[in-house]
Amino acid sequence: MAVDLEAPSGFLTTRLRQAINWGRKYSLWPLPFGTACCAIEFMSTVSSYNDLSRFGAELVRFSPRQSDLLIVAGTISYKQAPILKTIYSQMAEPKWVIAMGVCASSGGFYNNYSTLQGIDRIIPVDFYVAGCPPTPENLLHGLVMLQEKVAREGLVPATERHARRAQA
Amino acid sequence: MSRKLLERLQQEFGTAILRTADQHGDAVIWVAPKDATVVLRHLRDREQCELLLDVAGVDYPERAKRFEVNYLLRSLARAHRVRVKIDVAEGEAVESATPLWRCADWHEREVFDLLGVPFRGHPDLRRILCHHEFEGHALRKDYPIEQGQPCVSTEKLFGDHEIEQASRRSEGVAAAGDESGLPSDLLTVNIGPSHPATHGALRVEVLLDGETVVRARSEIGYLHRCFEKEAEDHTWHEVMPYTDRLNYCSALLNNAIWAHSVEKLLGVQITPRCRAIRVIVSELARLTDHLVCLAANLVDIGALTNYWYLYNVREGIYQIFDKLCGSRLTTNYARIGGMSHDLYPGFAEETLFHLGRLDEAIRDVTGLVARNRIFLDRTVGVGAISREEALSWGYTGPCLRATGLAYDVRRFAPYFGYEEYDFDIPVGEHGDTYDRIMVRFEEMKQSARIIRQALRKLPEGPVNIDDPRVILPPKESVYGSIEGMMNQFKLIYEGIQVPAGEAYGFGEGGNGELGFFCVSNGTGRPWRVKVRPPCFPIFSSYSRLIEGGMIPDAIAILGSLNIIAGELDR
Ligand code: SF4
């Protein structure tokens with residue numbers, strides 16, 4: 001984005017893509033799909049000491065229709081998997097997903113009969129945050145990295161990606 | 001103590017009692033499946049065993065009667081600890097204990113689900129932890145731990161027939177009181193398994209008439225992570241990090257009680273310093289548990305400010321944990337026979353500082369809510385349960401104390417030297433949401449009191465016992481001597497060799513009595529570990545608490561029960 005000093009005041013020249021992505025990245029509305037211990041650290045990240053709102057993502061919404069960032073915090077069991085998938089598909093585009101913690105990323109140290117070995121087996125993931133549980137700082141780092149990714153994306157990023165996935 | 005009880009029982013039942021034993025003070029009796037109900041009823045009515053703590057199934061594939069079902073009973077009045085054992089063969093049924101204790105319902109369902117033992121006369125024998133598409137029984141020794149079974153659908157909890165029946169009943173009520181003449185169709189609504197107020201993965205399906213809950217049925221198992229199967233697959237020590245993730249709001253309590261249970265089986269005595277450290281960290285963990293529960297409960301009923309106040313203190317305690325264990329939440333701090341290391345320099349000062357902040361927070365928050373009209377309207381008389389009913393449902397911990405019964409394991413069967421500390425056991429009166437919340441506030445004050453005393457008289461000396469069978473050798477010895485290296489190698493690869501036997505170790509967890517029923521076959525890995533999770537029986541009563549009330553009440557009640565999915569589903 002650049003301010004054109006020659007132009008009459010009140011105008012700003014930029015690319016549409018950049019302007020829109022700038023808006024998108026600083027107004028992510030997270031839906032915490034918290035199932036286990038990681039959800040407790042998500043709560044810590046929202047509360048006053050770490051304060052998620054410093055990054056524009058404090059409007060936590062529990063409705064998939066009102067949010068564009070799905071944060072999967074916790075172990076996903078096979079029993080829970082169909083529900084996660086439904087919730088993801090109920091979110092409107094554009095949408096992003098953070099897998100918070102090793103359980104959501106890979107099943108973690110639960111390599112057993114009831115644990116889904118990573119949510120990327122059923123939904124796409126944009127960013128994996130390591131840790132068991134990740135510290136609040138770590139989650140914030142993940143969010144900032146995701147913001148950078150959002151800024152780089154095309155105008156209809158997620159839809160395209162989704163379509164490609166559907167074709168594959 | 002248990003000997004007298006066993007003698008009485010043998011007199012009463014003669015040969016119906018196949019065998020008896022005293023195991024670590026627990027009276028253990030073997031009965032045939034056909035005699036189980038009479039014996040259990042006798043124990044409840046004549047010996048005042050008012051609590052059914054747990055039902056634990058164990059699989060011994062090489063025996064003719066392959067399964068062993070253990071009923072763990074407790075008498076608060078007479079301090080009995082009883083275990084009734086019933087051996088059954090594949091397909092042989094056990095008479096259900098649901099007419100005797102209401103909490104038997106879910107406990108028996110669990111045994112049915114994981115081991116495939118049927119219960120005759122059980123009102124609702126379905127799977128509970130594994131999903132409804134699951135085939136086989138996961139805790140049988142021949143079920144491979146890694147054999148996952150994906151699930152594609154979600155089970156409906158109410159059949160059409162039941163919905164119709166409930167509709168007809170509620171229409172009858174409406175027709176009497178309501179002159180509008182509108183048909184009252186019941187609305188089926190799912191609360192959870194992804195709902196902000198469930199704070200984890202629970203599901204309650206409710207049939208609503210307007211905003212009134214006519215019928216409710218809860219389902220669990222969404223966070224079943226196979227703790228018990230994992231325990232059988234790891235050495236005794238390796239189970240420790242898994243215990244962190246049972247009740248993850250108070251991991252240190254689980255660590256300490258797990259170590260305590262295995263030590264009981266091993267028959268080792270921990271050092272005085274270790275006992276005091278365990279008391280301190282257990283109470284700090286209890287504080288974080290109650291803080292999370294109260295903060296979340298208050299947010300759910302709309303009192304957001306308190307969330308920030310309480311979470312600030314909790315954050316402080318987490319910083320202590322972080323320094324102490326290298327992790328905020330999943331602490332993995334206790335070791336069998338000791339702790340992973342001593343307290344850090346400056347621990348006492350920091351803890352005292354944060355206890356000061358805790359006092360302030362409690363003052364602030366109770367100042368805001370204790371006499372607040374809205375808060376009182378939302379909590380007083382809501383979700384009340386009587387003492388007798390609470391016992392029948394298997395309540396322990398703050399929820400039981402809210403009904404006025406001062407049962408606390410720290411007093412009932414002191415461990416870690418709790419008998420040396422001055423503290424009160426706060427109780428409520430009505431067993432409602434208000435009492436449950438207020439009991440927790442008072443308990444936090446008592447925990448702080450215990451920590452202050454323990455810090456004042458913290459004994460010097462070693463933290464770990466001096467026993468190479470149990471404790472890893474110091475690093476100098478591992479790198480400097482062949483004995484040390486062998487010792488380390490054996491303990492890591494083969495695990496602590498725990499003598500064959502069984503023990504039920506228990507302590508006061510954040511939500512009530514947390515117990516580990518451990519069975520060893522004399523090797524480095526547990527043969528069976530059954531957790532007695534305090535919130536499991538409590539949550540089984542949830543439908544009963546909310547039926548007839550409004551939806552907002554259901555939310556307030558749920559928060560006050562403090563259901564932690566990690567421990568509930570294991
Ligand atoms: S990653 Fe670790 S902390 Fe997070 S849900 Fe899994 S076990 Fe719990």
Flag if over 12 foreign heavy atoms under 6.0 Å of CZ, A/R121: no
What residues of residues 40-60 of chain A sit under 4.5 Å from chain B when you count only heavy atoms? A/I40, A/E41, A/M43, A/S44, A/V46, A/S47, A/S48, A/Y49, A/N50
Using atom types as modelled and distance alone, determine if a side-chain donor or acceptor of A/N111 lies under 3.5 Å from a backbone N or O of B/E146. no
Is there a donor-acceptor pair under 3.5 Å between the side chain of B/Y248 and the backbone N or O of A/A39? no
What residue pairs, at least two apart or across chains, pass salt bridge (charged side-chain N to carboxylate O under 4.0 Å, His left out) with a residue in residues 71-82 of chain A? A/K79-B/E219
Chain A heavy atoms under 4.5 Å from B/Q147: which part of the residue, side chain, backbone, both or neither? backbone
Nearest-0.5 Å distance that lies between atom CD1 in A/I83 and atom CZ in B/R203: 7.0 Å
Applying the side chain to side chain donor-acceptor pair (under 3.5 Å) test to A/N112, which of B/E230, B/R225, B/K229 qualifies? B/E230
For A/A36 and B/L223, the nearest pair of non-hydrogen atoms, with its separation, is CB-CD2, 3.5 Å
I'd like to know which of B/G566, B/C226, B/A296 tops the heavy-atom pair count under 4.5 Å against chain A. B/C226
Heavy atom to heavy atom, less than 4.5 Å: which residues from residues 322-332 of chain B reach chain A? B/R328, B/L329, B/T330
Under 4.5 Å from any heavy atom of chain A, what part of B/Y307 do you find: side chain, backbone, both or neither? side chain
Best-contacting candidate, A/A73, A/G74, A/A81, A/C132, against chain B by heavy atom pairs under 4.5 angstrom: A/C132
Verify the ring-centre separation between B/H224 and A/Y113: is it less than 6.0 angstrom? yes
Okay, B/E238 and chain A: the region with an atom under 4.5 Å from a heavy atom over there is neither
For B/L304, is it the side chain, the backbone, both, or neither that has a heavy atom closer than 4.5 Å to a heavy atom of chain A? neither
CG of B/D569 to OG of A/S77: how many Å apart, nearest 0.5 Å? 8.0 Å
Under 4.5 Å to a heavy atom of chain A? For B/Y311 that would be side chain
Spacing of SG belonging to A/C37 relative to CD1 belonging to B/I564, to within rounding of 0.5 Å: 10.0 Å
Side chain / backbone / both / neither for A/L116 at chain B, heavy atoms under 4.5 Å: neither
Against chain A, residues from residues 130-145 of chain B with at least one heavy atom under 4.5 Å, in numeric order, are B/C130, B/H131, B/F134, B/A138, B/Y143, B/I145
A/Y110 portion near chain B, given a 4.5 angstrom heavy-atom threshold: both
